[in-house]
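This report concerns only the one structure given below.
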Amino acid sequence: MFETLKQQPADKILQLMLMYAADPREQKIDLGVGVYKNADGITPVMRAVKAAEKRIWEAETTKTYTGLTGDSAFTNGMISLLLDESVARDTIAAVATTGGTGAVRLGFELIRMMNPKARIWVSDPTWPNHIAILNYLGIEIKPYRYFNAETRGVDFDAMIADLQGAEPGDAVLLHGCCHNPTGANLNLVQWQAVADLLNDRGLLPMIDIAYQGFGDGLEEDAAGTRLIAASVPECLIASSCSKNFGIYRERTGILMAISADSGRQALVQDTMATLNRLAYSFPPDHGARIVSTILNDPDLRADWMAELEEVRLSMLSLRQQLADELRRLTGSDRFAFLAGHRGMFSRLGVSPEIVERLRTDYGVYMVGDSRMNIAGMNSKTVPILAQAIVDAGA
Ligand code: PLP
């Protein structure tokens, strides 16, 4: 039967990783894969994570199953971190998932379960896996314009105009912060306008937030999510701990669902637990336990926040350095948007030909849509990168 299988499309980012690894040039720069790297090109284990793992190892007496919804110390800790007091706790259902991807998948499945005809509106562009999962699940995708190719900021008027075409029962996928792949984000006035539109048209928001703490700070990055959650009757939120805790391989994420009132919470909670059961039974525990250990211990939490802030500031300073260097080389402000973007990514906004030239002639690897991982550079490679960008004709 295996002969009936069709070759699946290759993952472009993984392909890029292989090409980078095979490139013998010493002066090569990897801006491809979406993983944080420090100035030495290493994705470190955060101090608080190491300390939490030691504590867990010492204290853990059993590896028996947890609950289908995961450990409540984790789900409660994550609810506080993301939503604080913005919505009443007894309206929130939450389950631990296999990373942010697991939460996204489960959220889409829940939407399909509630309304098999629901269409899901996604920003153009978005994280490619959103599209792949929606296609796999057979859910109709409706793109909304998001990125202004001229300014490299959000094309907010176009976004709102497109979302006016959504119908009651549709869902709208929003990036909570640090938009992947563009780096262009909504401001709070725009978030409020989106909330009003969701209410006017009876749309269900689903927020995917995978980079809380990578943009303007832990609280600031949650502001849009909190505003939406507090403004609409129902809301889904998929959150990942991969980046901000640096625990990519532990597969730690959470899906939250906020109901209009506490009466629905139990039903939603039960349904999400069942979806976990149908997919893989119990969600992974180790990463979730690391997160709850950190969030519930004042010293570990303070240390984690301090290290996360170092990570955030280092990316901001690289953004600024690159924008400054490009201003110096071009004598123009054409690349000032790089300092205004937030998160791990920026879309440079150049043609696929220039992306190709950057790779072949200069050893600079970025995704074909010109998404750059800001953490892939360091203060020594920024000038080399800026020169390559200019020389390649950007
Ligand atoms: N959502 C977005 C927008 C992402 O960029 C990512 C990771 O790249 C995820 C979700 C999922 O992250 P993970 O499954 O690694 O936790």
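Being a predicted model, the structure only gives us computed values, none of them experimental. For this chain, numbers begin at 1 and follow the sequence in order. Ligands are counted one by one from 1 in listed order, and the atoms in each one are counted from 1 as well.
One finds no salt bridge joining Asp361 and Arg357 here, because no Lys/Arg side-chain nitrogen approaches an Asp/Glu carboxylate oxygen to under 4.0 Å.
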- Apply the test side-chain contact (heavy atoms from CB on, under 4.5 Å) to residues Asp221 and Tyr211: give CA-CA distance (whole Å), side-chain angles for both, the deciding distance (0.1 Å), then the verdict. CA-CA 8 Å; Asp221 291 349; Tyr211 301 91; over 6 Å; no

- Message: What verdict does the side-chain contact (heavy atoms from CB on, under 4.5 Å) test give for Tyr365 and Asp23, after you've listed the backbone C-alpha separation in whole Å, the side-chain angles of each residue and the deciding distance to 0.1 Å?
- Response: CA-CA 10 Å; Tyr365 287 72; Asp23 188 334; 2.7 Å; yes

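Interatomic distance, Asn135 CG to His130 NE2, rounded to the nearest 0.5 Å: 13.0 Å.
No option in Met159, His175, Gln192 other than Met159 meets the side-chain contact (heavy atoms from CB on, under 4.5 Å) test with Leu186.
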Check: every ligand 1 N/O to protein N/O pair under 3.5 Å:
residue, atom, partner, partner atom, Å
ligand 1, 1 (N), Asp208, OD1, 3.3
ligand 1, 1 (N), Asp208, OD2, 2.6
ligand 1, 5 (O), Asn180, ND2, 2.8
ligand 1, 5 (O), Tyr211, OH, 2.7
ligand 1, 8 (O), Tyr211, OH, 3.4
ligand 1, 8 (O), Lys243, NZ, 3.0
ligand 1, 14 (O), Gly100, N, 3.3
ligand 1, 14 (O), Thr101, N, 2.9
ligand 1, 14 (O), Thr101, OG1, 2.5
ligand 1, 14 (O), Arg251, NH2, 2.7
ligand 1, 15 (O), Ser242, OG, 3.2
ligand 1, 15 (O), Arg251, NH1, 3.2
ligand 1, 16 (O), Gly100, N, 2.7
ligand 1, 16 (O), Ser240, OG, 2.7
ligand 1, 16 (O), Ser242, OG, 2.6

Atom pairs and distances, side-chain donor-acceptor, residues 337-356, under 3.5 Å, sequence neighbours left out:
residue, atom, partner, partner atom, Å
His341, ND1, Thr182, O, 3.3
His341, ND1, Ser346, OG, 2.8
His341, NE2, Arg152, O, 2.7
Arg342, NE, Asp216, OD1, 2.8
Arg342, NH1, Ala339, O, 2.9
Ser346, OG, Arg319, NH1, 2.7
Arg347, NH2, Asp369, OD2, 3.4
Ser351, OG, Glu353, OE1, 3.3
Ser351, OG, Ile354, N, 3.2
Glu356, OE1, Arg359, NH2, 3.1
Glu356, OE2, Arg359, NH2, 3.3

